[in-house]
Amino acid sequence: MKYTDLYIDGTWRAGSTKARFDVINPANESVLASVASADIPDADAALDAAEAAMDFWSRQTPRHRSEVLRKAWELMSARLNEFAHLITLENGKAKADATAEAKYAAEFFRWFSEEAVRVDGLVKHAPDSGARILVQQRPAGIAVLITPWNYPAAMGTRKIAPALAAGCAVVIKPASETPLTMLALMPLLEEAGVPKGLVNVLPTSRPAELVDHLLHDKRVRVVSFTGSTSVGRKLLHSAADQILKPAMELGGNAPLIVFDDANLDIAIEGTMRAKMRNLGEACTAANRIYVHDDIAAEFTQRLTREMARLKVGDGILDGIDVGPLVNASTRDKVARFVEDAVSRGAKIETGGVIPEGKGFFYPPTVLSNVPEDAACVHDEIFGPVAAIQTFKEDEDVIRRANNTEYGLVAYVFSEDMRHALQICERLEYGMVGLNRGLVSDPAAPFGGVKQSGLGREGGHEGMLEFMETQYISASW
Ligand code: NAD
């Protein structure tokens with residue numbers, strides 16, 4: 001591996017303590033790389049660099065920032081295979097999933113290069129005083145970005161691109177399971193024209209201490225986090241000390257509802273996508289599948305056929321649909337969800353057995369008759385397990401779908417648009433996939449309600465997370 005050190009002020013550094021940690025290939029459990037682990041002095045150095053770079057960058061024209069981001073999109077698009085390869089090595093996901101992620105990640109550079117030159121302000125007359133009210137958006141300040149392992153590239157670019165478009169500098173703390181992709185992105189950003197110090201990357205084996213230190217430095221103004229609700233909650237507590245601007249993309253527990261008037265071909269395809277994109281290791285993954293009683297038998301049979309057909313193996317190989325989960329604890333947690341559901345009366349239609357040998361593999365699994373008290377109904381499975389329940393009445397399924405502290409995404413399948421839209425409006429979720437198993441789109445505001453988060457990424461809203469409104473009261 002070429003890039004395994006800390007990236008601070010445009011230079012590669014071994015880190016103040018010289019400590020390192022291993023990154024493991026989940027397909028065969030071998031050590032892929034030994035990566036430098038950042039400590040407090042490294043965090044300070046990154047913030048010094050960010051401060052100087054932001055002073056310069058925030059005064060560049062929006063057009064200049066836009067063109068640097070556009071160049072990043074072009075460069076990354078030309079190297080999708082290279083990034084996909086690295087994503088598969090450190091995360092495990094199969095080649096097709098990794099390539100889709102690399103493309104999705106690159107698209108945030110294109111989208112925010114377009115948004116960079118479209119930031120609106122406002123001028124109006126004060127109704128009573130004769131003053132003019134001028135409203136403008138300004139860069140919010142240095143942003144600390146903390147990203148998860150399930151999308152090593154896209155969860156980073158979804159934050160870096162809008163931050164840079166807005167005129168901010170960033171310090172990124174990638175997940176310790178998957179720091180290599182983010183490090184490998186840095187030479188590309190340099191080539192695109194990102195000045196040194198504007199983007200700094202600090203992998204670490206001590207995330208709690210490092211991030212807490214960063215969030216208590218007076219120069220930091222934004223914390224943007226993607227990860228679990230439990231860690232997000234802790235970061236919100238830390239952010240409160242300096243009243244930081246928080247953007248929180250947290251966990252999900254997505255319901256997927258198939259009504260009796262759904263087109264079953266579309267519903268099966270959408271369910272496969274919502275469940276198996278990223279082998280279920282996605283905050284958007286369909287966690288609870290509610291199927292109308294009248295079509296449940298046929299739906300279950302067809303979904304089982306599709307799931308059983310998927311080929312499991314090392315994601316780097318051609319023809320593999322499902323790679324390993326990211327580590328042993330994630331795989332074992334998935335296995336425990338299945339055991340728990342079965343002990344409460346669920347039936348395994350396919351899968352459900354951990355294969356022998358190296359690698360953190362878990363087979364695509366379908367559970368039917370999942371009871372409401374099963375653990376997987378209340379917590380994120382984060383793996384390739386489709387848990388099917390049935391329903392008869394709209395009111396019952398809406399109540400059950402909303403009966404969670406999460407509110408990221410829901411999916412609805414129905415051919416009756418009037419009925420479907422009525423249902424969508426009653427679901428307490430930040431996003432709804434209607435006759436679609438995929439909602440992620442750089443042009444759309446991605447994010448959740450309730451304990452799934454605060455703020456939105458992508459769309460027009462994504463850049464506002466890195467901007468502050470300033471109002472000038474003027475007389476002339
Ligand atoms: P995680 O919360 O364990 O870790 C996320 C990041 O936080 C990692 O970089 C980790 O090193 C860091 N971290 C861990 N403990 C920390 C602490 N005490 N202080 C500061 N940083 C800390 O989550 P994960 O296991 O990497 O990712 C899976 C979770 O992320 C799931 O819950 C999933 O739903 C969620 N997720 C949400 C979205 C979204 O957009 N809403 C997208 C992807 C993943």
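First listed ligand is number 1; within each ligand, the first listed atom is number 1.
With a 6.0 Å radius and a threshold of 12 heavy atoms from other residues, nucleotides or ligands, His85 has its NE2 atom at or below the threshold. For Arg273, the CZ atom counts as loosely surrounded, since its 6.0 Å shell holds 12 or fewer non-hydrogen atoms of other residues, nucleotides or ligands. By the 6.0 Å contact criterion, CD on Glu269 is open, its count of non-hydrogen atoms from other residues, nucleotides or ligands being 12 or less. Taking a 6.0 Å sphere around NZ of Lys196, one finds it holds 12 or fewer heavy atoms contributed by other residues, nucleotides or ligands.
A salt bridge links Lys159 with Glu457: the closest approach of a Lys/Arg side-chain nitrogen to an acidic carboxylate oxygen falls below 4.0 angstrom. Remark: Asp5 does not engage Lys18 in a salt bridge, criterion side-chain N to carboxylate O under 4.0 Å. Look at Lys93 and Glu281 and you find no salt bridge, because none of the NZ, NE, NH1 or NH2 atoms lies under 4.0 Å from a carboxylate O. For Asp332 and Arg336, the salt-bridge test fails: no basic side-chain N is under 4.0 Å from an acidic carboxylate O.
The shortest N or O to N or O distance between Glu380 and ligand 1 is under 3.5 Å.
Looking only at protein heavy atoms, the nearest one to atom 27 (O) of ligand 1 is Pro148 CB, 3.5 Å. At the top of the distance list for atom 18 (N) of ligand 1, counting protein heavy atoms only, stands Ala208 CB, 3.6 Å. Of all protein heavy atoms, the one closest to atom 7 (O) of ligand 1 is Phe225 CE1, 3.3 Å. In terms of protein heavy-atom proximity, atom 23 (O) of ligand 1 is nearest to Ser228 N, 3.4 Å. Nearest protein heavy-atom contact of atom 40 (O) of ligand 1 is Arg158 NH2, 2.8 Å. The nearest protein atom to atom 38 (C) of ligand 1, hydrogens excluded, is given as Cys283 SG, 2.9 Å; this is a heavy-atom distance. Remark: minimum distance from atom 10 (C) of ligand 1 to any protein heavy atom is reached at Lys173 NZ, 3.6 Å. Scanning the protein for heavy atoms near atom 35 (C) of ligand 1, the closest one is Gly227 O, 3.2 Å.
For the residue pair Thr11 and Asp9, no side-chain donor N or O sits within less than 3.5 Å of a side-chain acceptor on the partner. At a cut-off of 3.5 Å, with distance as the only test, no side-chain donor of Arg158 or Thr147 sits close to an acceptor on the other residue. Of the N and O atoms on the side chains of Asn253 and Asn287, at least one donor lies less than 3.5 Å from an acceptor on the other residue.
Ligand 1 places these atoms under 4.0 Å from at least one heavy atom of Ile146: 6 (C), 7 (O), 9 (O), 12 (C). Atoms of ligand 1 lying under 4.0 Å from at least one heavy atom of Pro207, given by number and element, are 11 (O), 13 (N), 20 (C), 21 (N), 22 (C). The distance from ligand 1 to the heavy atoms of Asn150 drops below 4.0 Å at these ligand atoms: 43 (C), 44 (C). Every atom of ligand 1 is numbered from 1 in the order shown, and the set under 4.0 Å from a heavy atom of Trp149 is 24 (P), 25 (O), 26 (O), 27 (O). Which parts of ligand 1 touch Ala175 is read off a 4.0 Å heavy-atom cut-off, strictly below it: atoms 8 (C), 9 (O). Each of the atoms 9 (O) of ligand 1 lies under 4.0 Å from some heavy atom of Pro174.
Counting only heavy atoms from C-beta outward, the side chains of Asp42 and Arg13 never approach each other to under 4.5 Å.
Within the 4.0 Å heavy-atom criterion, neither part of Asp212 lies near ligand 1. In Glu457, neither the side chain nor the backbone holds a heavy atom less than 4.0 Å from any atom of ligand 1. Counting heavy atoms closer than 4.0 Å to ligand 1, residue Tyr151 contributes nothing at all. Residue contacts with ligand 1 for Leu235 involve side-chain atoms from C-beta outward but no N, CA, C or O (heavy atoms, distance under 4.0 Å). Contact annotation: for Glu209 versus ligand 1, there are no heavy atoms closer than 4.0 Å. At a heavy-atom cutoff of 4.0 Å, ligand 1 is contacted by no atom of Ala282, backbone or side chain. Neither the backbone nor the side chain of Glu177 has a heavy atom within less than 4.0 Å of ligand 1.
Among all heavy-atom pairs drawn from His378 and Glu372, the shortest one is NE2-O, 2.7 Å. Residues Tyr362 and Val385 come closest through the heavy atom pair CE2-CG2, 4.0 Å.
The option from Asp379, Asn253, Val211, Asn278 that lies nearest to atom 20 (C) of ligand 1, judged by heavy atoms, is Val211. Among Val144, Val231, Thr147, the residue whose heavy atom lies closest to atom 6 (C) of ligand 1 is Thr147.
Within 4.0 Å of atom 32 (O) of ligand 1, at least one protein heavy atom is present.
Atoms CG and CG, on Asp379 and Asp340 in that order, are 9.5 Å from each other to the nearest 0.5 Å.
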